[in-house]
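Presented below is the structure to which this report refers.
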Amino acid sequence: MTVVDLNQQRIDAWNSDNLPIYEPGLDEVVKACRGKNLFFSTDCEAAIRAAQCIFVSVNTPTKKTGLGKGKAADLTYWESAARNIAAWSTSDKIIVEKSTVPVRTAEAIEKVLLRNCPAPGVHFDILSNPEFLAEGTAIDDLTAPDRVLIGGKIENDRGTAACAALVDVYANWVPRERILTANLWSAELSKLTANAMLAQRISSINAISALCECTGADVSQVSFAIGKDSRIGPKFLNASVGFGGSCFQKDILNLAYICECHGLQEVADYWYSVVGMNDYQKTRFVRRVVSAMFNTIRNKKIAMLGFAFKKDTGDTRETPAIDVAAGMIEDGAKIALYDPQVPEEQVRMDMGEEAMKSITCYKNPTDALKDAHAVTIMTEWDEFKTYDWKEIYEVMHKPAFVFDGRNILDHAHLSEIGFIVYALGKPIDPFLKSAEGA
Ligand code: UGA
């Protein structure tokens, strides 16, 4: 397996002791295999020539300009990878779509490959093999996946043979009954649908969390009760300040855009509403913070614990913390940020120079929490649960507030200490009740 990238710095990092991304278990895998059957290189041409099978795993971000801007997937990197593959291939290749792509991308890519390959008689088989692993649990998801999905032109012999070749690769460690084959378009669409359905579950429970706060119901109890229905199941029912990550929003917008392109406006609107609910949840959280703190957070130090879009990753793409921080800064807050994995430069890139005038990043939680008026929990890092909250209470301004955007802390214990606690979808503290509706 040779991993190639044009970026020399990145490849150097993959070849060093400091891998460019943080993922539990990844160091061990890389260290065990690097130099034996795993290589990192910038020599794309040599790797392409030598390969029988090429996984294309380039970025497919949301288009920022032009037709479909803000919704459609930008396939620039995909197309340029395909052009390089075509230019350098001198033997048959199986091309595997690993990147998440719009339905029927394989068709477009095939045209690019066929028309740009100067070598005579070279054949490309295109397969779709969407990736379902999640950050933070990527290695477990890889070694024991729920399923592996391989889409190909199973209606003809060549396509079936290409699928079988990739099935054989996975069968080295995945039981065959978990390796599914499908036609190309089904595989491509399954990826977008899986992410859209997962995000929709979160938006649904987040919608219910708002209703819980109005009615005195507790969203955790509701999640638990409905999750016991085997048709619903218990996973992905944790109310949160909003889903983040590089994929959910991007994939839903892309799915909705494809629907629009096919004239299915109602279907598109249904999926847009999942993103709309996610935005609402973030806005609602900021409103809670401001209204609870007597309608003003101007110049108040607000400790923000966590910036990554979820625990066990340093990834901040589309993290709800960005919008929440921006919302609080708009109201004049001074944010004291601590995340165990996210470096200050990343926060700067996400928030911009202007916002950074109101954000101080700390290397330890103690300094972030000292003299704060409130704490907002943005990421469900386990370490936040282990803090001595009594000690924290002592060093904060009073009344001291905790806004738990992930429902991970022991709220009864915090209230006992003296904190005013807001937890998403939980019965509202009487202190906050008077501020409701703000
Ligand atoms: C997601 C999918 O889960 C993967 O299957 C998929 O392969 C991946 O996108 C992708 O397309 O690359 P990921 O974004 O890494 O994986 O993380 P998730 O665990 O799905 O979490 C996404 C967001 O939803 C996080 O912000 C998380 O905190 C939030 N979430 C998750 C909730 O708010 N509540 C939940 O109950 C679960």
Side-chain angles (χ1 to χ4, degrees), residues 21-24 26 57-62 73 97-102 128-142 144-149 187-209 219-220 222-224 226-227 232-255 274-275 277-282 284-285 306-324 339 341-342 377-382 384 404-408 423-425:
I21 55 170
Y22 169 71
E23 181 67 38
L26 181 67
S57 319
V58 294
N59 261 357
T60 50
T62 304
E97 287 178 351
K98 250 306 167 202
S99 309
T100 302
V101 291
S128 162
N129 174 215
E131 186 50 69
F132 296 111
L133 55 77
E135 288 182 35
T137 55
I139 301 297
D140 290 344
D141 296 343
L142 175 74
D146 285 349
R147 71 343 197 156
V148 169
L149 178 58
E188 288 179 341
L189 186 55
S190 298
K191 169 64 192 185
L192 294 180
T193 308
N195 272 357
M197 297 278 283
L198 289 168
Q200 174 264 321
R201 267 173 87 92
I202 302 169
S203 276
S204 294
I205 202 66
N206 282 346
I208 296 299
S209 76
V219 75
S220 304
V222 174
S223 293
F224 185 72
I226 63 170
I232 296 175
K235 294 182 182 166
F236 264 68
L237 286 178
N238 289 326
S240 67
V241 61
F243 58 75
S246 65
C247 298
F248 281 179
Q249 175 159 319
K250 167 182 79 102
D251 290 353
I252 294 176
L253 293 176
N254 183 9
L255 180 66
V274 171
V275 175
M277 179 53 60
N278 200 45
D279 291 338
Y280 168 71
Q281 190 74 344
K282 292 181 265 189
R284 198 168 82 73
F285 187 84
F307 195 77
F309 82 99
K310 64 181 205 179
K311 73 170 181 178
D312 293 337
T313 172
D315 195 340
T316 62
R317 286 175 291 176
E318 302 293 341
T319 176
I322 295 176
D323 290 336
V324 170
D339 186 290
Q341 280 298 332
V342 180
I377 308 282
M378 289 292 107
T379 312
E380 71 279 24
W381 285 106
D382 289 332
F384 300 158
D404 189 350
R406 294 288 181 169
N407 285 347
I408 53 162
L424 270 170

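Remember, it's 1-based here, ligands and their atoms both numbered in the order they're listed. Hydrogens, waters and symmetry mates are skipped; everything else that's a heavy atom, side chains included, is used.
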- Task: Could you name the option among D312, L198, D141 that has the heavy atom nearest to atom 3 (O) of ligand 1?
- Result: L198
- Query: What part of I202 sits under 4.0 Å from ligand 1 if we count only heavy atoms: the side chain, the backbone, both or neither?
  - Reply: side chain
- Query: For ligand 1, which atoms have a heavy atom of L237 less than 4.0 angstrom away?
  - Reply: 36 (O)
- Message: If I compare all heavy atoms of I252 with all of A199, which pair ends up nearest, and what's the gap?
- Response: CD1-CB, 3.5 Å
- Item | Basic-acidic side-chain contact under 4.0 Å: K98, E131 | yes
- May I ask whether T100 has any heavy atom positioned less than 4.0 angstrom from an atom of ligand 1? no
- Query: Where on A134 is there a heavy atom closer than 4.0 Å to ligand 1, on the side chain, on the backbone, on both, or on neither?
  - Reply: both
- Query: Mind checking whether F243 and S203 have side chains closer than 4.5 Å, heavy atoms only?
  - Reply: yes
- Can you tell if the side chain of E188 reaches within under 4.5 Å of the side chain of V101, non-hydrogen atoms only? yes
- Has ligand 1 got any nitrogen or oxygen that is less than 3.5 angstrom from a nitrogen or oxygen of G242? no
- Item | Protein contact to atom 15 (O) of ligand 1 [nearest heavy atom, distance to 0.1 Å] | E135 N, 2.7 Å
- Message: If I compare all heavy atoms of N129 with all of V148, which pair ends up nearest, and what's the gap?
- Response: ND2-CG1, 3.8 Å
- Message: As a check for students: among S246, G405, G244, identify the option with a heavy atom nearest to atom 23 (C) of ligand 1.
- Response: G244
- Message: Considering E380, R406, K235 one by one, which has a heavy atom nearer to atom 27 (C) of ligand 1 than any of the others?
- Response: R406
- Query: To the nearest 0.1 Å, how far is atom 12 (O) of ligand 1 from its closest protein heavy atom, and which atom is that?
  - Reply: C247 SG, 2.9 Å
- For atom 36 (O) of ligand 1, the closest protein heavy atom turns out to be N238 N, 2.9 Å
- Query: Under 3.5 Å between some N or O of ligand 1 and some N or O of F309?
  - Reply: yes
- Note on the structure: Looking at F248, F243, F236, the heavy atom closest to atom 37 (C) of ligand 1 belongs to F236
- Would you say R201 contacts ligand 1, with heavy atoms under 4.0 Å as the rule? no
- With a cut-off of 4.0 Å, which atoms of ligand 1 are near a heavy atom of S240? 32 (C), 33 (O)
- The protein heavy atom nearest to atom 5 (O) of ligand 1 is F132 O, 2.6 Å
- What residue among T193, T60, N195 forms side-chain contact (heavy atoms from CB on, under 4.5 Å) with D251? N195
- Ranking K191, K310, E131 by closest non-hydrogen atom to atom 11 (O) of ligand 1, top hit is K191
- Note on the structure: Separation between CG (N254) and CG (L192), nearest 0.5 Å, reads 5.5 Å
- Task: Write down the atom of S223, the atom of L237, and the distance for their closest heavy-atom approach.
- Result: OG-O, 2.8 Å
- Query: How long is the gap from CZ on F384 to CD1 on I408, to the nearest 0.5 Å?
  - Reply: 6.5 Å
- Item | Salt bridge flag under 4.0 Å for residues E135 and R317 | yes
- Can a donor-acceptor pair be found between the side chains of S209 and Q281 at a distance below 3.5 Å? yes
- Message: Side chain, backbone, both or neither: which applies to L133 and ligand 1 if a contact is any heavy-atom pair less than 4.0 Å apart?
- Response: backbone
